[in-house]
Number of protein chains: 2
Amino acid sequence: MLELAVLGLLSESPLHGYELRQRLKATLGAFRAFSYGSLYPTLRRMRASGWIAEHEGDAEVVAGAPALTGRRGKVVYELTAEGKERLAELLAEAGPSAWEDESFGVHFAFFSQTAPEVRVRILEGRRSRLEERREGARSSLKRASSRMDRYTLQLQEHGLESVEREVRWLTELIETERSAGTTPPHPADPQ
Amino acid sequence: MLELAVLGLLSESPLHGYELRQRLKATLGAFRAFSYGSLYPTLRRMRASGWIAEHEGDAEVVAGAPALTGRRGKVVYELTAEGKERLAELLAEAGPSAWEDESFGVHFAFFSQTAPEVRVRILEGRRSRLEERREGARSSLKRASSRMDRYTLQLQEHGLESVEREVRWLTELIETERSAGTTPPHPADPQ
DNA sequence: ATGCGATGTATCGCTCCGATACATCGGAGC
DNA sequence: GCTCCGATGTATCGGAGCGATACATCGCAT
């Protein structure tokens, strides 16, 4: 997952670790954080795989500053050609690995780089996944709500409403996606 | 986390692994799953710590069924005295470890076994946590929404609304909690 | 009888998190 | 000028939890 996120972000511009983390937080928001404890090892792994290259991006020593103090410069990462291929490959995936809880947000965040058919497939996959969960929650509530204590019940209901809300959201997105795909060569940017 | 969930469930009745997993799904619903890959190791660990004891619970031989075949019986776990103490200890915790994303649901699910003051502290802690996140999301939206593509924007907005929704939910719960407390000629305690 | 889905216990490799460590930089306040 | 502090910046370690997988039994439908 982190791999996709990193590839996606670096495809916009080269970044160093810290910036990457900031962008991750800003882009994925509430859905996923990704700590340095996974970021740095992932960058290392991706470098070893050849998806990214690092270059000493210290830059800005301005003029004469000798920098004799072995100050460590920022390590800036950028996509390699293989990395771009890898990104395309990951963005083309339209299976469960794209619509499960942990991964959906990341895939969605890079939808503008994703093929329209793939977008719809992922949105629909995500929706069915949530519909299953919704039905499970509903029948669980019907079956056992009398045996549940107040708090368990509250938790179940809140969870169910969250799922219902997300299903509605997805349905809207799918409709937008469909109508944008078929009708207009001229996107007057609805909404 | 799993440890608390297991202790909480076993405090209601002894269960074997498979049942435990079912109850976990039913109780925590959408919030948390917990796979066997963590359940069994956790049970082992808890057994080693002395919180739980396992007893050969083949049970259900109904009437005369001999069951001579060395069939492996279910392994039924039950709380020990130390386990009950441990549960009480965990339920009394009212710090960040109780209101972070991963843990809040589990703590909430066992609120009926939790002291009323602790319940309120946890709900409030959770709410401030989410309020921070909400402010972060809001300022991020204000600051950068023009630079975001359509999908990133959608994701941010959906995330923000989810957080706002959960804050409202928590506020209701806190109010209910306070008014149910019947003890409160003494609100005191700002923050 | 045969196979199939639910029940049941268990492990392995992996990703990711939280805590921690350490170093530099720019500015605020003394 | 000096010192502290929070933001920037890179990095590791231990542990929790997940998904896949394996294997065996049970009851039921075909």
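Lettering of chains follows the sequences in order, A, B, ..., and the numbering in each one begins at 1.
B/Arg45 is linked by a salt bridge (Lys or Arg N to Asp or Glu O under 4.0 Å) to B/Glu3, counting only residues two or more places apart in sequence or in another chain. A search for side chain to side chain donor-acceptor pair (under 3.5 Å) contacts involving B/Glu19 returns B/His16, not counting sequence neighbours. Not counting sequence neighbours, the partners of A/Glu93 by the side chain to side chain donor-acceptor pair (under 3.5 Å) test are A/Ser97. Under the side-chain contact (heavy atoms from CB on, under 4.5 Å) criterion, A/Ala115 pairs with A/Glu117, A/Val118, not counting sequence neighbours. Remark: B/His158 engages A/Trp169 in a ring pair (Phe, Tyr, Trp, His ring centres under 6.0 Å) (not counting sequence neighbours).
Regarding B/Phe34, its CZ atom lies at a distance of 8 Å from the C1' atom of D/dG17, rounded to whole Å. In this entry the distance linking NZ of B/Lys74 with P of C/dA10 reads 14 Å, nearest Å. For A/Arg32 and D/dC18, the CZ to P distance is 12 Å, given to the nearest whole Å. Taking atom CZ on A/Phe31 and atom P on C/dC16, their separation rounds to 17 Å, with Å as the unit. Nucleotide D/dT8 holds its C1' atom 8 Å from the CD atom of A/Gln22, rounded to whole Å. With rounding to whole Å, B/Leu2 atom CG is found 17 Å from D/dG15 atom P. Remark: P of C/dT15 and CG of A/Leu4 are 14 Å apart, rounded to the nearest angstrom. In this structure, CG of B/Leu24 is placed 16 Å from P of C/dT7, rounded to the nearest angstrom.
Under the 4.5 Å side-chain criterion, counting only non-hydrogen atoms from C-beta, B/Ile52 is not in contact with B/Glu78. The side-chain heavy atoms of A/Leu4 and A/Leu91, taken from C-beta on, include a pair separated by under 4.5 Å.
Pairs passing the ring-ring contact (aromatic ring centres under 6.0 Å, His included) check and including a residue from residues 111-142 of chain B, sequence neighbours excluded, read A/Tyr151-B/Phe111, B/Phe108-B/Phe111.
Each of B/Tyr77 and A/Tyr36 was matched to the nucleotide of DNA chain C holding its nearest heavy atom; the match closer to the 5' end belongs to B/Tyr77.
Membership of the apolar cluster around A/Leu153 extends to A/Leu141, A/Met148, A/Leu160, as traced through chained side-chain contacts below 4.5 Å between ILVMFWY residues.
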(message) Only Watson-Crick and G-U wobble pairs with both distances less than 3.5 Å should count. Give DNA chain C in dot-bracket notation, marking inter-strand partners with |.
(response) ||||||||||||||||||||||||||||||
Distance-only criterion, 3.5 Å: show the donor-acceptor pairs between side-chain atoms of residues 23-37 of chain B and protein atoms not counting sequence neighbours.
residue	atom	partner	partner atom	Å
B/Thr27	OG1	B/Arg23	O	2.6
B/Arg32	NH1	B/Glu102	O	3.3
B/Ser35	OG	B/Gly37	N	3.3

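Only B/Gly37, B/Ser38, listed by number, bring a heavy atom of residues 37-51 of chain B to less than 4.0 angstrom from any atom of DNA chain D. Residues from residues 95-105 of chain A placing a heavy atom under 4.0 Å of any atom in DNA chain C do not occur. Sorted by residue number, the members of residues 6-18 of chain B with any non-hydrogen atom under 4.0 Å from DNA chain C read B/His16, B/Gly17, B/Tyr18.
Side-chain atoms of A/Arg86 and A/Ser49 include no donor-acceptor pair closer than 3.5 Å. Side-chain polar atoms of B/Ser112 and A/Arg150 form no donor-acceptor pair below 3.5 angstrom.
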(request) Apply the test side-chain contact (heavy atoms from CB on, under 4.5 Å) to residues A/Gln113 and A/Ser11: give CA-CA distance (whole Å), side-chain angles for both, the deciding distance (0.1 Å), then the verdict. (result) CA-CA 10 Å; A/Gln113 299 176 59; A/Ser11 78; 3.1 Å; yes
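The existence of a salt bridge linking B/Glu124 and B/Arg121 is excluded, since no basic side-chain nitrogen approaches an acidic carboxylate oxygen closer than 4.0 Å.
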